[in-house]
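Every value quoted in this text rests on a predicted model; they were computed, and no experiment measured them. Remember, it's 1-based here, ligands and their atoms both numbered in the order they're listed.
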Amino acid sequence: MPKKSLVVGNWKMELSYKGSVQLGMALKKEIKKVSLEGEVVVCPSFPSLASVAQELAGTSVQVGAQNVHWEERGAFTGAVSVGQIKPFASWCIVGHSEQRELTGESDEDVSRKVVVLLKYGIVPIICVGETSQERAGGRAMETIINQATSILDVVNPVALRRIVIAYEPRWAIGAGEPAQPDEAAEAMLLIRKLAVERFGHERAERLRIIYGGSVTPENITPFVDEPGIDGVLVGGVSVRPMKFLEIVRQYQG
Ligand code: PGA
């Protein structure tokens, strides 16, 4: 079965509860006009997860969470468990650079989240990417190798088709300017090579690797055309339904 392209909207902490539900309603109405071949996922904040999931039930827009704890239950004030998101979310972002920065989330933390998500049949969308200092210091590839390796270490060959790796260079997030598509493709090829070394060509090809960082409908074309890029993770623009759907449309072409 050929792998499907993937467009993910990361709504971050941009919307009120009401705004999130309204955005869900707008997508529900408009997605019917798109002849969809790939997959589309939106990731609201926790408080609106259930309502947005209800709104989008039966449509071709799927719902994901923006984070999860690696423990299944316990005394973790403020955290949200995999069992708590499971009724509403079939996808979940982990390792986002904003979380890595805000909470000091480590590669090990991210791997533990991947393991618990796979246990519950939720697709982890795992973010990796270097900082501007790492890139300037010639350490971009090293960072990507370390982050991607710690994910591949906890994934078995069969699960490779049930995870997504999002290459999101931190310096391109919210920057208004994405990475150069060939620069992004180089990093993504490196991730693919790591998967090939470990799991062989055929299995590694099933892994979806997507790009994130300042994607807009205006700059998306070269990413769509790049064969090693299986989709995009969209932040800022994803809360604007018409723009988000324009990106979705371009990914169907
Ligand atoms: P951006 O965010 O599209 O606003 O750059 C992407 C992300 O953080 O996932």
Proximity to ligand 1 by part of N10, non-hydrogen separation under 4.0 Å = side chain

ask   = Considering only heavy atoms from C-beta outward, does the side chain of V123 approach that of V164 to under 4.5 Å?
value = yes

note = The complete set of salt bridge (Lys or Arg N to Asp or Glu O under 4.0 Å) pairs with one or both residues in residues 57-75, sequence neighbours excluded, reads E71-R112, E72-K119

remark   = Here the ring-ring contact (aromatic ring centres under 6.0 Å, His included) pairs for residues 77-122, sequence neighbours left out, are none

message = Starting from atom 2 (O) of ligand 1, what is the nearest protein heavy atom, named by residue and atom, and what distance separates them?
response = K12 NZ, 3.2 Å

Check: G236 N/O within less than 3.5 Å of ligand 1 N/O = yes

task = Report the C-alpha separation of T103 and E105 in whole Å, then their side-chain angles, then the decisive distance to 0.1 Å, and conclude whether the side chain to side chain donor-acceptor pair (under 3.5 Å) test is met.
result = CA-CA 5 Å; T103 66; E105 190 175 62; 5.2 Å; no

request  = Would you indicate which of H96, E98, E168, E177 comes nearest to atom 8 (O) of ligand 1 when only heavy atoms are counted?
outcome  = H96

inquiry  = Please evaluate residues W171 and E130 with respect to the criterion side chain to side chain donor-acceptor pair (under 3.5 Å), reporting the C-alpha separation (whole Å), side-chain torsions for both, the decisive distance (0.1 Å), and the verdict.
reply    = CA-CA 8 Å; W171 46 270; E130 78 285 2; 2.9 Å; yes

ask   = Under 3.5 Å, N or O to N or O, is G174 touching ligand 1 that way?
value = yes

Those atoms of ligand 1 less than 4.0 Å from some heavy atom in L233 = 9 (O)

inquiry  = At less than 4.0 angstrom from any non-hydrogen atom of G213, what atoms of ligand 1 do you find?
reply    = 5 (O)

ask   = Can an N or O of G212 be found at a distance shorter than 3.5 Å from an N or O of ligand 1?
value = no

inquiry  = Quick one about E218 and T216 (side-chain donor to acceptor, distance below 3.5 Å, no hydrogens or angles considered), yes or no?
reply    = yes

task = Could you pull out, from S214, A166, G129, the option with a heavy atom nearest to atom 1 (P) of ligand 1?
result = S214

ask   = So which heavy atom on Q133 is nearest to which on R139, and how close?
value = O-NH2, 3.9 Å

ask   = Which ligand 1 atoms does G235 reach within 4.0 Å, using its non-hydrogen atoms?
value = 1 (P), 2 (O), 3 (O), 4 (O), 6 (C)

